[in-house]
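One structure below.
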Amino acid sequence: QVQLVESGGGLVQAGGSLRLSCAVSGGTFSRYAMGWFRQTPGKVREFVAGIRWSGADTYNADDVKGRFTISRANAKNTVYLQMNSLEPEDTAVYYCAADRTNSGSPNARLYDYWGQGTQVTVSS
């Protein structure tokens, strides 16, 4: 059974930084594309960033380009999301997800496994 556990969320002031981590167990992490998504109440889950299995290909949503960086450490079965210059609009529950097809797609429906989420709150 594949399990994903996010950590690193919290409360930060606007302009600050956080680094989220997602540890994966029970599967072949090095073969999965990984993605970060976020969701606020009443809204659909939206794509934030994706990374394919090798780490060579990464994808970011337009509103986080230049501020957020996704990376992975296959030896540690972990994917990261470094978030800089945080804005109140970034407040959400952040989820990591694994895609067995290695697509790196922004389409949440293509992801097979999901974590439980971690809250990020950015105060103004």
With sequence neighbours left out, the residues meeting side-chain hydrogen bond (donor to acceptor under 3.5 Å, both in side chains) with Ser85 are none
Non-hydrogen atoms of Ala92 and Thr40 that approach each other most closely: CB-CG2, 3.6 Å
Is there a continuous path of hydrophobic side-chain contacts, each under 4.5 Å between heavy atoms, that joins Tyr59 to Phe37? yes
Pairs satisfying salt bridge (charged side-chain N to carboxylate O under 4.0 Å, His left out), at least one member in residues 21-30, at least two apart: none
Nearest 0.5 angstrom please: Gln3 CD to Asn77 CG, how far? 12.5 Å
Approximate separation, where rounding is to 0.5 Å, of Leu110 CG and Ser105 OG: 4.5 Å
Same cluster (ILVMFWY, side-chain, under 4.5 Å), Trp114 and Val2: no
In chain order, what residues pass the side-chain hydrogen bond (donor to acceptor under 3.5 Å, both in side chains) check against Asn84, with sequence neighbours excluded? Ser17, Gln82
Exercise: identify the closest heavy-atom pair between Tyr95 and Gly115: CD2-O, 3.6 Å
Check whether any side-chain heavy atom of Met83 lies under 4.5 Å from a side-chain heavy atom of Val120, and answer yes or no. yes
Could you tell me which residues satisfy side-chain hydrogen bond (donor to acceptor under 3.5 Å, both in side chains) with Arg31, sequence neighbours excluded, listed by chain and number? none
Which atom pair, heavy atoms only, marks the closest approach of Ser124 to Ala14? CA-CB, 4.4 Å
Output the distance between atom OG (Ser103) and atom CG (Asp57), rounded to the nearest 0.5 Å. 11.5 Å
As an exercise, state the distance from CG of Leu4 to OH of Tyr32, rounded to the nearest 0.5 Å. 9.0 Å
Spatial distance of atom OG1 (Thr69) from atom CZ (Arg19) [nearest 0.5 Å]: 11.5 Å
Pair Phe68 and Trp36, ring centroids less than 6.0 Å apart: no
Just jot down the side-chain hydrogen bond (donor to acceptor under 3.5 Å, both in side chains) partners of Glu89, sequence neighbours excluded, or say none. none
Pairs meeting criterion salt bridge (charged side-chain N to carboxylate O under 4.0 Å, His left out) with involvement of residues 4-13, two or more places apart: none
Considering all heavy atoms, the nearest Ala33-Gly104 contact: CB-N, 3.5 Å
Which residues share a side chain to side chain contact (heavy atoms under 4.5 Å, CB included) with Thr78, sequence neighbours left out: Ser21, Ala23, Lys76, Tyr80
The complete set of disulfide (SG to SG under 2.5 Å) pairs with one or both residues in residues 56-85, sequence neighbours excluded, reads none
List the residues meeting side chain to side chain contact (heavy atoms under 4.5 Å, CB included) with Thr121, not counting sequence neighbours, and say none if there are none. Leu11, Thr91, Gln119
Looking at Phe29, I'd like to know if the NZ or CZ of Arg72 sits under 6.0 Å from its six-membered ring centre while staying within 45 degrees of the ring's axis. yes
Contacts of Arg100 that satisfy salt bridge (charged side-chain N to carboxylate O under 4.0 Å, His left out) - sequence neighbours left out: Asp112
Side-chain atoms of residues 44-54: list all donor-acceptor pairs with protein atoms under 3.5 Å, sequence neighbours left out, distances to 0.1 Å.
{"unit_1": "Arg45", "atom_1": "NE", "unit_2": "Gln39", "atom_2": "OE1", "d": "3.2"}
{"unit_1": "Arg45", "atom_1": "NH2", "unit_2": "Gln39", "atom_2": "OE1", "d": "3.2"}
{"unit_1": "Glu46", "atom_1": "OE2", "unit_2": "Arg38", "atom_2": "NE", "d": "2.6"}
{"unit_1": "Glu46", "atom_1": "OE2", "unit_2": "Arg38", "atom_2": "NH2", "d": "3.3"}
{"unit_1": "Arg52", "atom_1": "NE", "unit_2": "Asn102", "atom_2": "O", "d": "3.0"}
{"unit_1": "Arg52", "atom_1": "NH2", "unit_2": "Asn102", "atom_2": "O", "d": "3.4"}
{"unit_1": "Ser54", "atom_1": "OG", "unit_2": "Ala56", "atom_2": "N", "d": "3.1"}

Would you say Tyr111 and Tyr113 are hydrophobically clustered, going by side-chain heavy atoms of ILVMFWY under 4.5 Å? no
Atom CG of Leu18 and atom CG of Asp90: how far apart are they, to the nearest 0.5 Å? 10.0 Å
Would a hydrophobic clustering, with Ile, Leu, Val, Met, Phe, Trp and Tyr connected at side-chain separations under 4.5 Å, put Tyr94 with Ile70? yes
Among residues two or more places apart or on two chains, list those pairs meeting disulfide (SG to SG under 2.5 Å) that have a residue in residues 13-101. Cys22-Cys96
